[in-house]
Number of protein chains: 2
Amino acid sequence: MEKIRVGVIGLGARGDYLVDLLLTMDDILVTAVCDVYQDRVDRNAEKVEKAQGQKPLGATDYRELIAAKACDAAVVVTGWEKHVEIGIALMEAGIAVGMEVGGAYSVADCWSLIEAYERTGTPFMFLENCNYGRYELLVLNMVEMGLFGDVVHCSGGYMHDLRTEVLYGRENRHYRLKNYLERNCHNYPTHDLGPIAQVMKLGRGNRILYLTSMASSAKGLNDFAVLHENVDPALRTAHFAQGDVVVTSMMCENGSTITLKLDTTLPRPYSRGFTVEGTRGMYQEDGNFVYLDTDFTEADHFDWKKNWDNADKYLEKYEHPVWKKFLNDGVRGGHGGMDYLVYDDFFMALREGRPMPIDVYDAALLMSITPLSAESIKGNSRTVEVPDFFAGRNQKK
Amino acid sequence: MEKIRVGVIGLGARGDYLVDLLLTMDDILVTAVCDVYQDRVDRNAEKVEKAQGQKPLGATDYRELIAAKACDAAVVVTGWEKHVEIGIALMEAGIAVGMEVGGAYSVADCWSLIEAYERTGTPFMFLENCNYGRYELLVLNMVEMGLFGDVVHCSGGYMHDLRTEVLYGRENRHYRLKNYLERNCHNYPTHDLGPIAQVMKLGRGNRILYLTSMASSAKGLNDFAVLHENVDPALRTAHFAQGDVVVTSMMCENGSTITLKLDTTLPRPYSRGFTVEGTRGMYQEDGNFVYLDTDFTEADHFDWKKNWDNADKYLEKYEHPVWKKFLNDGVRGGHGGMDYLVYDDFFMALREGRPMPIDVYDAALLMSITPLSAESIKGNSRTVEVPDFFAGRNQKK
């Protein structure tokens, strides 16, 4: 079988790490590395040459990579604001796209992605690794087996203390700083909504009708800057547009609801707060517990430690087939294996010519939450309709 | 010191239990018991006579209790829908009111309570026991000491599997069944919002400006009725108006935000999900943990078990004075002591003639969330303004 020639566009911390991951994968050749910063290109080109014995194309403009026809597929790992432009250019050039996650800057951008896909037919995959998380897939499996009954509510969040990442953004050439200064929205909605969309079959018989979003004041970053003298003193009093906590509620066509929380500029332990509630059972990431009607009695209700951290017990019986195989073959790659799984699924679908597991329609929905939440926040949390991005895919069936 | 003569109006499960609690308290005489059901009156009158050696007035109409001038203070423990009517009638009669919690049926009812109080000057206390919870007060103390920095977001919920209570409502003569059949709202917002209001100084320099609310479909009760043959078969297909999960977001004048969740008709362990997030620290009830910037490093972020269930460590240093004294004197009463504390505070304030700790203005705000959330839900989660109930109290200062 011929190896897939892959380009990596964007070589910050995550791109750098992904080059390493790709170099461990079978049937993949990294044939191009690209970043606006030459030092990042050089470092990664060297790594690739050392591992593969062949120098990849190095470029500081993604258009060089396209012009050189240097790859069959490219993964987009740049700052969020370039994802759509680069994704569309790649599709136009017939280069299969693996797009890393992030929110969109406008709903129009989401439609542009869909239009480019429908115009070109170039394969497009949205690389939401959390859809491949072990517990996310355990829960998906249990839901599909009917163990939770009807799912009526899900919640999740991107709850990750990013204060140093944001505030040292200039030093580290990181795109988050600019975003936190200028935008107020759920700026990173896909790690939480992705696995929920999977459970709730969004775009596969169900969809989101409308949302409301509310943002708190922005105090966390200024306060951190005041207390840490290594932070650029200008940031002590800078106006950050991004509220510390953004809560977004969504209504689905089937009457189920979803709540998402962005929480990235206050002190806290990491959590994606993945929670799935059905008529017969639930899962909650905070505490990592499954609660099934069949396994508990009302007398247990008030003793939260009784079922705390019991999910591993359910793994024994309900481990998702994808993870069973993965554990059998040997877990690889970072973030608990999710990264390997999502990239592997992308390349396998490409190779087999089958539909992408997380496609451009899913991407449009997940990414659209960012501009839609911004619109709701700006209008005192007014109700904002969520477009039906799935019409094109539904027509094909 | 003369004993306070207390009447108890409403003798369902909670009223029954409260009579027992009152009988253990010093300087209190239970002089009247009232319920629409004679058997409840008889049972409680007997209990009181046995404990105090004196028969209390027994009444099936609260107006008899008022007419007989049988008490100095009365606690209202009826079904939610009678709280306001009885509270106002008591104030008009000059009988001090302790009102048990529940949501209002209209915003106008909230204003009526305030007007009755301002007209009569009769003492009025809202008996929100959760404001006296040990961890709620620990967190309040830590917030007031500045350990959490500026508080920017709080969340909480009434998450309590009440399916049997609701569905056996006819057999148990419980008011919840009717409410779940007819209303769709956050029907019990005070256990979650009460302690948050305390932390966020609502009505004491801060207030809620607006809210949005979203309700999921109602599937939990029907499904439970289908699976349990002892439940009235009519409830298998009855239309329940009350959504299984209701999420309400609120914007405060100082830019902080609040999220509340009602979750009472799906399988789950009990939690009020009390969570307080500030610029320098947080507390979360799910996991019972405190997270302070000063006590953790970024390396700890991903190891959630590292700080899980650590709140007791903070009790050693930051126990609230109210609880220090309570532990010293000996914890009494149910619900971990909260019930004793809130009743004791009510009677002490009465005796000393000082302002009520949770007064009629606080009650109006807490109770108003119910009709306001109903209005938002009915309007596809539209933004609804929250009245400034505190004007009257502010004028007095």
Side-chain angles (χ1 to χ4, degrees), chain A residues 149-150 152-153 155 160-161 164 210 212 214-217 219-220 223-224 227 243-245 247 249-251 254-257 259 261 263 266-271 277-282 284 286-289 291-293 296 298 300-309 379-383, chain B residues 149-150 152-153 155 160-161 164 210 212 214-217 219-220 223-224 227 243-245 247 249-251 254-257 259 261 263 266-271 277-282 284 286-289 291-293 296 298 300-309 379-383:
Chain A
D150 277 348
V152 284
H153 183 73
S155 56
H160 187 181
D161 178 358
T164 59
Y210 57 83
T212 68
M214 189 176 287
S216 77
S217 53
K219 294 187 173 170
D223 193 56
F224 191 89
L227 293 181
D244 290 323
V245 175
V247 175
S249 293
M250 308 178 175
M251 174 61 75
N254 72 352
S256 300
T257 51
T259 306
K261 183 175 174 191
D263 183 352
L266 299 173
R268 59 163 304 126
Y270 181 90
S271 173
E277 298 190 53
T279 51
R280 298 181 186 182
M282 72 171 291
Q284 183 174 300
D286 276 5
N288 193 37
F289 71 86
Y291 189 100
L292 296 184
D293 255 345
F296 290 92
E298 271 196 59
D300 299 327
H301 282 181
F302 294 97
D303 183 8
W304 63 269
K305 287 183 188 167
K306 191 152 184 172
N307 61 314
W308 220 243
D309 202 19
N380 287 349
S381 304
R382 77 177 183 82
T383 309
Chain B
D150 277 348
V152 284
H153 182 74
S155 56
H160 187 182
D161 179 357
T164 59
Y210 56 83
T212 69
M214 189 176 286
S216 77
S217 54
K219 293 188 173 170
D223 193 57
F224 191 90
L227 293 180
D244 290 323
V245 176
V247 175
S249 294
M250 307 177 177
M251 174 61 75
N254 73 351
S256 299
T257 51
T259 306
K261 184 176 176 190
D263 183 353
L266 299 173
R268 61 162 304 127
Y270 181 90
S271 173
E277 298 189 53
T279 52
R280 298 183 187 179
M282 71 172 290
Q284 183 174 300
D286 276 6
N288 194 35
F289 71 85
Y291 189 100
L292 295 184
D293 256 346
F296 291 92
E298 271 197 61
D300 299 327
H301 283 179
F302 294 97
D303 183 8
W304 62 269
K305 287 182 188 167
K306 192 152 184 171
N307 60 313
W308 220 245
D309 202 19
N380 287 350
S381 305
R382 76 175 182 82
T383 309

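All of these numbers come straight from a predicted model, not from anything done at the bench. Note on naming: letters A, B, ... go to the chains in the order of the sequence lines (proteins, then strands), and numbering restarts at 1 for each one.
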Given that the side chain runs from C-beta out, which part of [X] has a heavy atom under 4.5 Å from chain B: side chain, backbone, both or neither?
{"X": "A:Lys306", "answer": "neither"}
{"X": "A:Ser381", "answer": "both"}
{"X": "A:Asn254", "answer": "backbone"}
{"X": "A:Asp161", "answer": "both"}
{"X": "A:Phe289", "answer": "side chain"}
{"X": "A:Asn380", "answer": "both"}

Any idea which heavy atoms bring [X] and [Y] closest together, and the distance?
{"X": "B:Val152", "Y": "A:Ser216", "result": "O-CB, 3.6 Å"}
{"X": "A:Pro269", "Y": "B:Asn307", "result": "CG-ND2, 3.9 Å"}
{"X": "B:Ser249", "Y": "A:Val247", "result": "OG-CG1, 3.8 Å"}
{"X": "B:Met251", "Y": "A:Met214", "result": "N-SD, 3.5 Å"}

B:Asp150: what forms a side-chain contact (heavy atoms from CB on, under 4.5 Å) with it, not counting sequence neighbours?
->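 In terms of side-chain contact (heavy atoms from CB on, under 4.5 Å), with neighbours along the sequence ignored, B:Asp150 is linked to A:Lys219, B:Thr279.
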Region of B:Leu292 in contact with chain A, defined by heavy-atom distances below 4.5 Å =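 Neither part; nothing is under 4.5 Å.
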Can you say whether B:Asp286 sits under 4.5 Å from chain A via the side chain, the backbone, both, or neither, judging by heavy atoms?
->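 Both parts, backbone and side chain.
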To the nearest 0.5 Å, tell me how far B:Leu227 CG sits from A:Arg280 CZ.
->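 Those atoms lie 4.0 Å apart.
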Taking A:Met282, A:Lys305, A:Arg268 one by one, which has the highest count of heavy-atom pairs under 4.5 Å against chain B?
->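 Between A:Met282, A:Lys305, A:Arg268, the count favours A:Arg268.
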Between A:Ser217, A:Gly255, A:Gly379, A:Pro267, the one whose heavy-atom pairs under 4.5 Å with chain B are most numerous =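 Most pairs with chain B among the choices: A:Pro267.
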B:Phe302 and A:His160 aromatic ring geometry - parallel, tilted or perpendicular at 30°/60° bounds |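 Answer is perpendicular, since the angle exceeds 60°.
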Taking every heavy-atom pair that is under 4.5 Å apart, which of B:Lys261, B:Arg382, B:Gln284, B:His153 has the most such pairs with chain A?
->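 When all of B:Lys261, B:Arg382, B:Gln284, B:His153 are compared, B:His153 has the most.
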Applying ring-ring contact (aromatic ring centres under 6.0 Å, His included), name anything that partners B:Tyr210, two or more places apart in sequence or on another chain.
->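 Partners of B:Tyr210 by the ring-ring contact (aromatic ring centres under 6.0 Å, His included) criterion come out as none, since no residue qualifies.
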